[in-house]
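Just so it is clear, the values below take in all heavy atoms, side chains as well, and ignore hydrogens, waters and symmetry mates.
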Amino acid sequence: MTRSMLLAASAAALCLPHAAAAQHGAGMTMPMPDARVRPNKTNKTTRAHPRTKSTAAEPTPATHADASEEHGAIDQHAASAPGATPAMSTMPMEQGPMPDAPTNHSALDHAQMDHGAMNHAPMGHSMIADPAYRAASDAAVAKMPAGSAMAGMAMGTSAGFYSQGSGTSRLPAAEGPMRGYMVQAGEWMLMAHGYAWGVATDQGGPRGKSEAFVQSMAMLMADRDLGDRFHIQLRTMNSLEPLMGARGYTNLFATGELANDRPLVNRQHPHDLFMELAAKVDYRLGNGDTVFLYGGPVGEPALGPSAFMHRGSARYQPMSPITHHWFDSTHITYGVVTAGYATPAFQLEASAFKGREPDEHRWNIETPRLDSWSVRGTWTPSPFWAVQVSHGRLKEPEAQHPGEDENRSTASVQYARGGLATTFGYSLKDRVPGEKLSAFLAEATYELTTRHAVFGRVENVANDELFPDEGDPLHDRKFRVTKAEVGYAYRLPIVGPLGLALGGTVAAYAKPAALEAAYGKTPVSWTLFSKLAVGL
């Protein structure tokens with residue numbers, strides 16, 4: 001019965017984005033958590049907002065923070081908490097359809113806008129209060145396809161000082177707000193995001209294959225305040241990729257996990273039906289500081305950067321990175337608990353979780369276990385940067401290496417500005433006992449306009465799983481391989497947040513001469529794709 005209920009809930013979540021797209025015109029509100037308003041270089045003072053509605057407003061120079069005061073509808077719910085500084089809470093603001101052409105939101109003169117003539121009732125959402133952070137976020141929104149995200153939106157307790165990544169990870173605020181469909185349901189703020197990729201690829205060389213496949217993901221988040229101090233966020237993320245079979249899809253030089261009890265080589269395993277079933281509870285300490293607890297039967301521990309599906313730098317990459325099992329293979333973990341302390345600029349957290357990677361049975365929820373640990377520190381010093389370092393001890397993570405634990409260390413730097421999103425990372429897998437295997441990653445997406453985007457990824461990895469047959473003379477030998485891939489996407493808004501991206505990629509490889517017999521001298525791969533997404 002429990003399994004049937006979970007499957008039914010997952011099916012509903014997967015259908016939600018399609019239903020949501022038809023309702024995008026519905027009203028939206030979202031509670032704004034307690035937040036510290038950072039001083040701006042051109043704005044030396046921060047005024048406390050009165051509890052009562054303002055009866056007169058004097059025109060002031062245009063900044064988003066000052067413009068918010070002219071609305072006269074600021075709820076001081078968060079600021080009334082003991083020890084909290086005055087902070088914006090809920091600011092109703094009507095927003096019509098986004099234009100197709102880029103808009104310079106930061107250049108809008110809010111002092112000249114007739115706020116009194118706006119109909120604030122249908123829509124209210126939390127706005128980024130700090131002018132510098134709001135301008136950085138708006139510059140990203142100006143390059144997004146129409147309807148992808150709400151300008152100035154801040155999910156959870158981030159208050160716009162960073163954008164939420166997967167699990168408890170952070171992304172630069174300048175990547176812009178989370179993309180998707182949002183609607184108010186009573187005191188809950190709901191957000192849906194999802195996609196379905198149709199991909200045709202030819203992976204070059206003797207070991208590459210030609211193949212067509214479909215990837216998919218649906219995500220639903222629900223946020224609300226529980227009184228003045230507590231905030232809760234519920235999450236579910238699901239995929240129908242198990243339909244493609246245990247062997248997943250072809251991806252030259254990718255390794256990791258099993259299918260039919262055989263190691264996967266030159267293939268990427270499918271995601272599980274249940275990618276996340278978790279909750280996060282924040283307790284506000286005041287001045288924008290919080291302590292939090294995150295966990296559930298399926299989730300992501302505090303290890304590595306945000307998973308590749310949630311990074312802006314990988315938004316239109318149709319293939320998973322070949323460094324996936326170095327940086328973000330733990331994004332689906334059956335059993336995780338994370339506790340942390342967060343400020344707008346810093347986050348320190350520690351996790352207990354199940355170290356073993358998911359098995360090849362992708363439709364079920366595996367028995368949760370807490371046998372591994374990790375710690376992570378993240379620094380978000382400005383709207384444009386997110387820097388993380390992390391370390392974990394994983395209990396027998398890979399079924400093909402029984403009896404071997406793993407010490408995993410990662411470091412990454414993410415930078416974003418005006419439609420550009422980048423990630424640079426390093427990871428070291430230290431098997432105990434076994435090899436030390438390092439990997440490097442650099443990827444970027446640049447949204448040139450609301451229609452056109454270019455992207456690329458370069459990876460370098462030391463891998464000893466390319467020849468799993470024990471009788472092969474190259475078995476267990478470590479080889480360092482580099483993959484460089486570039487691509488282009490043309491984005492077409494359809495209705496509301498629903499859109500379509502059409503594009504393709506070309507990839508080339510550098511490898512040791514010892515691999516030429518198996519992989520060819522100069523393999524080249526290509527892909528063509530169409531990505532239908534809620535929050536393109």
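- If you take OG on Ser148 and CZ on Arg179, they are separated by 5.5 Å, rounding to the nearest 0.5 Å.
- The local environment of CH2 in Trp379 is sparse, with at most 12 non-hydrogen atoms from other residues, nucleotides or ligands closer than 6.0 Å.
- A search for side chain to side chain donor-acceptor pair (under 3.5 Å) contacts involving His331 returns His271, not counting sequence neighbours.
- Here the side chain of Glu459 pairs a donor or acceptor atom with the backbone of Ile322 at under 3.5 angstrom.
- Residue pairs that meet the salt bridge (charged side-chain N to carboxylate O under 4.0 Å, His left out) test with at least one member in residues 504-529, sequence neighbours left out, do not exist here.
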Show, in sequence, the C-alpha distance, side-chain angles and deciding distance for Tyr488 and His452, and conclude whether the side chain to side chain contact (heavy atoms under 4.5 Å, CB included) test is met. CA-CA 8 Å; Tyr488 165 79; His452 306 280; 2.6 Å; yes
Decide yes or no on side chain to side chain contact (heavy atoms under 4.5 Å, CB included) for Tyr195 and Val534, but give the supporting numbers first. CA-CA 6 Å; Tyr195 58 71; Val534 176; over 6 Å; no
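- Atoms CZ and CD, on Arg457 and Glu485 in that order, are 6.5 Å from each other to the nearest 0.5 Å.
- Taking the side chain as every heavy atom from C-beta outward, Phe353 and Ser372 approach each other to under 4.5 Å.
- One finds the CE atom of Met219 at 10.0 Å from the CE atom of Met275 (value rounded to the nearest 0.5 Å).
- Glu360 contributes a side-chain N or O that, together with a main-chain N or O of Asp261, makes up a donor-acceptor pair within less than 3.5 Å.
- Residue pairs meeting the side chain to side chain donor-acceptor pair (under 3.5 Å) criterion with at least one member in residues 526-536, sequence neighbours excluded, are Thr505-Thr527.
- A salt bridge does not link Arg235 to Glu300: none of the charged nitrogens lies less than 4.0 Å from a carboxylate oxygen.
- Remark: side-chain polar atoms of Lys143 are paired, donor with acceptor, to backbone N or O of Gly418 under 3.5 angstrom.
- Among all heavy-atom pairs drawn from Phe161 and Asp130, the shortest one is CE2-CB, 4.1 Å.
- Looking at Tyr509 and Ser525, their side chains come closer than 4.5 Å, going by heavy atoms from C-beta outward.
- Nearest heavy atom pair, residue Ala439 against residue Phe327, reads O-CZ, 3.8 Å.
- Residue pairs that meet the salt bridge (charged side-chain N to carboxylate O under 4.0 Å, His left out) test with at least one member in residues 375-394, sequence neighbours left out, are Glu349-Arg376, Arg393-Asp405.
- Side-chain atoms of Thr338 never come within 3.5 Å of backbone atoms of Ser351 as a donor-acceptor pair (strictly under, hydrogens ignored).
- Under the side chain to side chain donor-acceptor pair (under 3.5 Å) criterion, Ser210 pairs with Asp202, sequence neighbours left out.
- At a cut-off of 3.5 Å, with distance as the only test, no side-chain donor of Gln414 or Ser412 sits close to an acceptor on the other residue.
- Taken from CG in Leu277 to OG1 in Thr236, the straight-line distance is 4.5 Å, to the nearest 0.5 Å.
- When every heavy atom of Thr450 is checked against every heavy atom of Ala142, the shortest pair comes out as CG2-O, 3.4 Å.
- Remark: the backbone N or O of Thr255 is not paired with any side-chain donor or acceptor of Asn463 at under 3.5 angstrom.
- By the 4.0 Å N-to-carboxylate-O rule, Lys354 lies close enough to Glu366 to be salt-bridged with it.
- Using a distance-only test at 3.5 Å, with no hydrogens or angles considered, no donor-acceptor pair links the side chain of Ser306 to the main chain of Ser169.
- Counting heavy atoms from C-beta outward, His269 and His324 have side chains that approach closer than 4.5 Å.
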Taking it one step at a time, do Arg408 and Ser329 satisfy side chain to side chain contact (heavy atoms under 4.5 Å, CB included)? CA-CA 11 Å; Arg408 184 179 299 180; Ser329 61; 3.1 Å; yes
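- Among residue pairs with one or both ends in residues 377-390, none qualify as salt bridge (charged side-chain N to carboxylate O under 4.0 Å, His left out); sequence neighbours excluded.
- Centroid-to-centroid, the aromatic rings of His310 and His193 stay 6.0 Å apart or farther.
- In terms of heavy atoms, Leu190 sits closest to Ala222 at CD2-CB, 3.5 Å.
- Other residues, nucleotides and ligands contribute over 12 non-hydrogen atoms within 6.0 Å of the CZ atom of Arg480.
- In summary, the side chains of Glu443 and Ser313 do present a donor paired with an acceptor at a separation below 3.5 Å, with no hydrogens or angles considered.
- Take Thr422 and apply the side chain to side chain donor-acceptor pair (under 3.5 Å) test, not counting sequence neighbours, and it matches no residue.
- Legend: residues meeting side chain to side chain donor-acceptor pair (under 3.5 Å) with Ser374, ordered by chain and number and at least two apart, are absent.
- Closest approach of Leu536 and Gly499 over heavy atoms only: CD2-C, 3.8 Å.
- For the pair Asn251/Gln203, a side-chain contact is recorded, criterion being any heavy-atom separation below 4.5 Å from C-beta on.
- In this structure, Ser427 contributes its side chain and Trp326 its backbone to a donor-acceptor pair below 3.5 Å.
- With sequence neighbours excluded, the residues satisfying ring pair (Phe, Tyr, Trp, His ring centres under 6.0 Å) with Phe529 are Trp197.
- Taking CG of Leu264 as the reference point, atom CD of Gln400 lies at 8.5 Å (rounded to 0.5 Å).
- Side-chain atoms of Asp328 come within 3.5 Å of backbone N or O of Phe308 as a donor-acceptor pair.
- Within the 4.5 Å cutoff, the side chain of Val336 has heavy atoms near those of the Tyr294 side chain.
- At a threshold of 4.5 Å between non-hydrogen side-chain atoms, the residues Leu394 and Thr330 count as touching.
- Every residue two or more places apart in sequence or in another chain that forms a side chain to side chain contact (heavy atoms under 4.5 Å, CB included) with Ala518 is listed here: Arg207, Phe467.
- Taking 4.5 Å as the limit, every side-chain heavy atom of Tyr249 sits out of range of all side-chain heavy atoms of Val199.
- The shortest non-hydrogen separation linking Asn460 to Thr323 is O-CG2, 4.4 Å.
- Between Gln164 and Ser158 there is no side-chain heavy-atom pair separated by less than 4.5 Å.
- Residues Asn407 and Ser409 bring no donor and acceptor atom of their side chains to less than 3.5 Å of each other.
- Interatomic distance, Arg170 CZ to Gln347 CD, rounded to the nearest 0.5 Å: 4.5 Å.
- Under the side chain to side chain contact (heavy atoms under 4.5 Å, CB included) criterion, Pro270 pairs with Glu241, Met244, Arg362, not counting sequence neighbours.
- With hydrogens and angles ignored, the 3.5 Å screen pairs no side-chain donor or acceptor of Asp464 with any backbone N or O of Asp476.
- Under the 3.5 Å distance criterion, the side-chain polar atoms of Ser239 are matched with a main-chain donor or acceptor of Ser216.
- No hydrogens or angles considered: nothing links the side chains of Glu465 and His325 as a donor-acceptor pair under 3.5 Å.
- Judged as a salt bridge (charged side-chain N to carboxylate O under 4.0 Å, His left out), the pairs with a partner in residues 209-219 (not counting sequence neighbours) are, in order, Glu211-Arg267.
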